[in-house]
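Heavy-atom basis, side chains included; hydrogens, waters and symmetry copies ignored. What you are looking at is a predicted structure, and each value in this text was computed from that prediction instead of being measured. Order of the sequence lines fixes the chain letters, A, B, ..., with proteins taken first and strands second; residue numbering starts at 1 for each chain.
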There are 2 protein chains.
Amino acid sequence: MRSFTEENYLKIIYHLAEKTNNVQTNAIAEQIQTKPASVTDMIKKLAEKDLVDYVKYQGVTLTEKGKQAAVDIVRKHRLWEVFLVDKLNFKWDEVHDVAEELEHIKSVDLIERLDEFLGFPKSDPHGDPIPDKHGRFAKTQFIKLTELKIGDGGTITGVSQHSSAFLKHLEKLGLTLGKQIEVSDVTDFDGSVEILVTGKQINISREVAKHILISTNGKN
Amino acid sequence: MRSFTEENYLKIIYHLAEKTNNVQTNAIAEQIQTKPASVTDMIKKLAEKDLVDYVKYQGVTLTEKGKQAAVDIVRKHRLWEVFLVDKLNFKWDEVHDVAEELEHIKSVDLIERLDEFLGFPKSDPHGDPIPDKHGRFAKTQFIKLTELKIGDGGTITGVSQHSSAFLKHLEKLGLTLGKQIEVSDVTDFDGSVEILVTGKQINISREVAKHILISTNGKN
DNA sequence: AAAAATTTTTAGATTTACCTAAAAATAAAT
DNA sequence: ATTTATTTTTAGGTAAATCTAAAAATTTTT
Ligand SMILES: [Mn+2]
Ligand SMILES: [Mn+2]
Ligand SMILES: [Mn+2]
Ligand SMILES: [Mn+2]
């Protein structure tokens, strides 16, 4: 039986490993809101259980077993988020914290039935892919809005920032999942991006654009 | 913020208090699967937080505040059970353990929306009443099947035993919530009860009959 | 009303997940 | 190649929830 805390560590390490191969102690500490010394303690425990490979001072990587466990938690997190949005009418900026709790409920049966009840969704309210029961999922092929050139277009299919403030902001701008956009200009001065969405011309800061993920129609 | 453990103690004390006014240390220990010494420690903590009234060697009673907290957990437990049965097609004997975990999820918003999603159910899959958001609920007026006399009838509206074994047994006998029954005989030898249900005559042990709750039609 | 049995509490440890402060290792800058 | 800065680990401690063994209070029996 894996503890609530162990599960959180595994998930955080998994997400950090998407960026850098070797995950550092301080990075984990920051994410998990704890001190580096505590992280070292927990890492030793996870290594003891063969969930991570650990070389002193060199950071950690998840073992196959650890990766499986982490993906399983990610699966639960995202399925619960779908449930909250699709069935309980939560907004996409309101679901993360509750899902953080729900993802630790233990029953396998529960999550399989929930998956079925939701119609086996492929992605969560933020466009992130939902692993199937074997932990498999298609690697998403999104590009950042900031990588588009003037004249390029595509569909908003994800976000790389899940803070409530950011998501609320996008909602207000009408930049939700599925919307078609086209880049009409990029301001030299501050790098802000002018885009065309649902017939309107709007300007968004580079900071915002950076976290909007686009799937191009393959036409560019 | 109340811990998982504190919540479990409050709920157990609440349920025990339905039987006896002053709840004893050993009774709590048995229910919570721990040792009396541990219970004493926790009781002191709960008393410190004004959740229970405690007199050494005299057991505990919930304060108004403690009762509120306990009823809130019971509400969550029962709503989740309804969700599992109505939406995820769990059987009534499969839901208790998962609900034990789900009842500790913290968001108030979540539970209000879940309540609405389920259509504000008044009772759970075992016939137990679901408190509303203010903790109010009608006191159920069931009688035990064993209290019926020969010729008396009524509707099965609850059970006072939630073990999977018991519930599966009832299911097999066709004794589920809502079924009309009538007592046709009581065996002198072992006190077993012969009942008429959906046209069939069946015999159930006194032990089983004791845990079946009946609402009479007021005709007796 | 004493003695015996039961229940409850205290005392002292253990485990898990943290912490702070200081030491050790690694990386970056001069 | 040293020195300096940063990162990571160790050492030693704390709080929550548990435990065992023993003491104290209460209840039951004689
Ligand atoms: Mn999330
Ligand atoms: Mn998400
Ligand atoms: Mn239950
Ligand atoms: Mn129930």
>> What is the distance, to the nearest angstrom, from the CD atom on B:Gln58 to the P atom on D:dT26?
In response: 6 Å

>> Rounded to whole Å, how long is the line connecting atom CD of A:Glu7 with atom P of C:dT16?
In response: 16 Å

> Got a salt bridge between B:Asp50 and B:Lys65, using NZ or NE/NH1/NH2 to carboxylate O under 4.0 Å?
Replying inline: no

>> Check A:Lys133 with A:Asp72, please: is the shortest side-chain N to carboxylate O separation under 4.0 Å?
In response: no

> Where the side chain of A:Ser38 is concerned, which of C:dT7, D:dT8, C:dC19 is the nearest nucleotide?
Replying inline: C:dC19

> Looking at A:Arg2, A:Lys11, A:Lys76, which hits salt bridge (charged side-chain N to carboxylate O under 4.0 Å, His left out) with A:Glu103?
Replying inline: A:Lys11

>> If I take atom CD1 in residue B:Ile43 and atom P in nucleotide C:dT7, what distance separates them, rounded to the nearest angstrom?
In response: 15 Å

> Taking atom P of C:dT7 as reference, at what distance in whole Å does atom CD of B:Glu30 sit?
Replying inline: 11 Å

> Going by an N to O cut-off under 4.0 Å, is there a salt bridge joining B:Glu207 and B:Lys210?
Replying inline: yes

>> Closest-nucleotide mapping onto DNA chain C: is A:Lys35 or B:Val23 further toward the 5' terminus? I mean the 5' end.
In response: B:Val23

> Can you find a side chain N or O atom of A:Asn26 that sits less than 4.0 Å from OP1 or OP2 on D:dT6?
Replying inline: no

> In chain order, what residues pass the ring-ring contact (aromatic ring centres under 6.0 Å, His included) check against B:Phe166, with sequence neighbours excluded?
Replying inline: B:His211

> Using a cut-off of 4.0 Å between protein heavy atoms and nucleotide atoms, how would you tag nucleotides 10-16 of chain D 5' to 3' with B, S and -?
Replying inline: B-----S

> Within this structure, what is the CD1-to-P distance between B:Ile28 and C:dT7, rounded to whole angstrom?
Replying inline: 14 Å

> With the threshold set at 4.0 Å, does a side-chain nitrogen-carboxylate oxygen contact exist between B:Lys106 and B:Glu7?
Replying inline: yes

>> As a test of reading the structure: which of D:dT18, C:dC19, C:dT9 is closest to the side chain of A:Thr34, going by heavy atoms?
In response: C:dC19

> So what does B:Tyr9 touch, heavy atoms closer than 4.0 Å: a base, only the sugar-phosphate, or nothing?
Replying inline: sugar-phosphate

> Can you tell me how far P of C:dA28 sits from OH of A:Tyr57, to the nearest Å?
Replying inline: 17 Å

>> Any base atoms under 4.0 Å from A:Thr25, or only sugar-phosphate, or nothing? Heavy atoms, all strands.
In response: sugar-phosphate

> Do B:His77 and B:His96 have their ring centres less than 6.0 Å from each other?
Replying inline: yes

> For C:dT8, does OP1 or OP2 lie under 4.0 Å from any side-chain N or O of B:Gln24?
Replying inline: yes

